[in-house]
Amino acid sequence: MYKSIIAIGIESSCDDTSIGIIRVDLKDKSIVAENIISKKMGLVTESQVKLHKDYGGVVPEIAARAHSERIDVCFKKVLEESNVDLNCVDIICVTAGPGLIGGLLSGVNFAKGLAFSSGKPLIGVNHLIGHALTPQMTDNLSYPYLILLASGGHCQYLAVSAANKIERLGTTIDDAPGEVFDKVAKMLGLPIFSGSEVEKYAKKGDKTRFSFPLPLVNKNDCDLSFSGLKSSVRRQVDRLVEKQSGLYVHDQRDICASFQEAMKLIFENKTKKALEIFSRVSSKEKMSFSLAGGVAANTNIRDSLKNLCKELNVRFSAPPLDLCTDNGLMIAYAGAQAYLEGKEDNMGLSPRPRWPIDIDNQKSLGFGKRGRKV
Ligand code: KG4
Ligand code: ZN
């Protein structure tokens with residue numbers, strides 16, 4: 001039996017080509033919890049944001065081509081950075097879904113090639129489980145904990161009780177929040193169509209100038225909705241353009257600030273409800289909450305959830321920004337967990353564009369940046 005495992009994780013499900021290598025130390029077939037992230041050996045992430053920036057969203061064909069062109073470059077770089085030879089790697093882990101099929105195929109086929117030529121075990125990983133287990137890898141967060149995944153393709157509250165026991169408590173019933181941030185940036189004609197740009201403009205704006213709706217906040221569950229908010233921003237932009245034949249910079253800033261405030265309030269309200277629901281599941285005296293996904297990089301939202309947890313006496317932990325967004329390290333870690341539970345794939349592994357994390361709980365569907373939501 002291994003005393004430690006070196007896992008390589010390959011991620012290509014959306015618009016980041018990322019490969020990470022991590023060592024996990026073992027005791028009695030379980031991962032030793034202390035300071036897992038300090039065993040990080042290397043991480044190389046190439047974002048495709050620039051390639052898609054003129055289109056207002058990820059273009060699947062462009063994404064697939066870029067992944068297949070860059071994946072071997074990232075692989076060489078990460079081996080160099082970590083000073084590891086492929087012979088020393090024990091397992092090959094790869095995102096097998098959910099995500100865009102072209103990108104997933106690039107990653108899965110590359111991983112199959114590595115596994116076949118080296119004779120190492122191949123493990124197909126659910127991308128959402130990668131996000132869900134990240135706070136354990138970065139902060140040694142012990143089970144059970146509640147996590148909010150909020151990105152360009154998904155938005156869900158997950159109760160994580162074990163690596164293979166994850167229950168979805170709530171989800172978006174329409175758009176994903178990151179996708180709405182991107183659309184708002186596009187409507188306003190900002191230089192980059194991304195949430196980070198909206199955050200930048202919001203910093204100098206007046207968040208009280210416009211009052212945008214907060215869909216579903218009065219409903220007593222933790223499902224979320226963002227399409228009404230998006231339409232309301234669009235109507236406001238149209239009204240201003242009609243009245244003054246365009247937008248001034250102060251209008252752009254005020255809309256960004258007011259929209260971001262609405263997003264913050266939605267997350268605050270829904271997280272409070274999710275924590276109430278989670279308290280019925282959590283066995284710990286003090287509950288734990290974490291967040292991941294690109295939207296979790298928003299300082300305003302992050303800080304408000306941190307304050308909420310402080311108020312409610314809940315332990316708050318958030319992964320560092322580069323591990324909130326898509327990365328190969330979380331896939332390596334989730335793959336190592338799955339391998340220890342006896343999971344191994346073969347050359348028949350095929351990508352799954354849709355792969356719900358909680359198969360018993362699939363009530364809502366919608367469309368997002370990645371296609372149909374999971
Ligand atoms: O997790 P991620 O890197 O990829 C997906 O799985 O989608 O998330 C990307 C999303 C984009 O929609 C982007 O606009 C959003 O995260 N995002 C932000 C911020 N930084 C990235 N949204 C709000 N504020 C930010 N600072
Ligand atoms: Zn993701």
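Basis for what follows: all heavy atoms, side chains included, without hydrogens, waters or symmetry-related copies.
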Check: [X] side chain, [Y] main-chain N or O, donor-acceptor pair, under 3.5 Å:
| X | Y | result |
| --- | --- | --- |
| K270 | D223 | yes |
| D174 | S227 | yes |
| Y143 | A163 | yes |

Report task. Give the C-alpha distance, both sets of side-chain angles, the deciding distance and a yes or no for side chain to side chain donor-acceptor pair (under 3.5 Å) between Y157 and T271. Result -> CA-CA 8 Å; Y157 285 102; T271 303; 2.7 Å; yes

Using every non-hydrogen atom in the two residues, find where [X] and [Y] come nearest and quote the distance to one decimal.
| X | Y | value |
| --- | --- | --- |
| L216 | I173 | CD1-CD1, 4.0 Å |
| L291 | P319 | O-CD, 2.9 Å |
| G195 | D182 | N-OD1, 3.5 Å |
| P177 | M263 | O-CE, 3.8 Å |
| R209 | D254 | NH1-OD2, 2.8 Å |

Query raised in the report: Is E197 salt-bridged to K200, going by a charged N under 4.0 Å from an acidic O?
Result: yes

Requested in this report: Answer yes or no: is there an ion pair linking K39 with D25, defined by an N-O contact shorter than 4.0 Å?
Outcome: yes

Evaluate whether atom [atom1] of [X] has more than 12 neighbouring non-hydrogen atoms of other residues, nucleotides or ligands under 6.0 angstrom away.
| X | atom1 | answer |
| --- | --- | --- |
| K203 | NZ | yes |
| D85 | CG | yes |
| R315 | CZ | yes |
| K207 | NZ | no |
| K343 | NZ | yes |
| E242 | CD | no |

Query raised in the report: Which other residues end up in the same hydrophobic cluster as I101, if Ile, Leu, Val, Met, Phe, Trp and Tyr are linked when side-chain heavy atoms come under 4.5 Å apart?
Result: L105

Query - ring pair (Phe, Tyr, Trp, His ring centres under 6.0 Å) pairs, two or more places apart, involving residues 26-50 - result: none

**Report entry** ring pair (Phe, Tyr, Trp, His ring centres under 6.0 Å) contacts in which one or both residues fall within residues 78-102, not counting sequence neighbours
**Finding:** none

Report task. Check the pair T208 / D206 against side chain to side chain donor-acceptor pair (under 3.5 Å), numbers first and verdict last. Result -> CA-CA 6 Å; T208 61; D206 173 5; 2.6 Å; yes

Would you kindly say whether [X] and [Y] are connected by a side-chain donor-acceptor distance under 3.5 Å?
| X | Y | result |
| --- | --- | --- |
| Q244 | D251 | yes |
| Q136 | Y333 | yes |
| S18 | E46 | no |
| H131 | D326 | yes |

Report summary line: The residue among I357, V295, L128 that forms side-chain contact (heavy atoms from CB on, under 4.5 Å) with H154 is L128

Requested in this report: Assess the pair F110 and F75: is the distance between their ring centroids shorter than 6.0 Å?
Outcome: yes

Query raised in the report: Are the ring centres of F259 and F210 closer than 6.0 Å?
Result: no

Query raised in the report: Heavy-atom distance under 4.5 Å between the side chains of N298 and Q260, does that happen here?
Result: yes

Requested in this report: Give the intermediate values and the outcome of side chain to side chain donor-acceptor pair (under 3.5 Å) for residues K273 and N220.
Outcome: CA-CA 7 Å; K273 298 214 163 103; N220 213 15; 4.6 Å; no

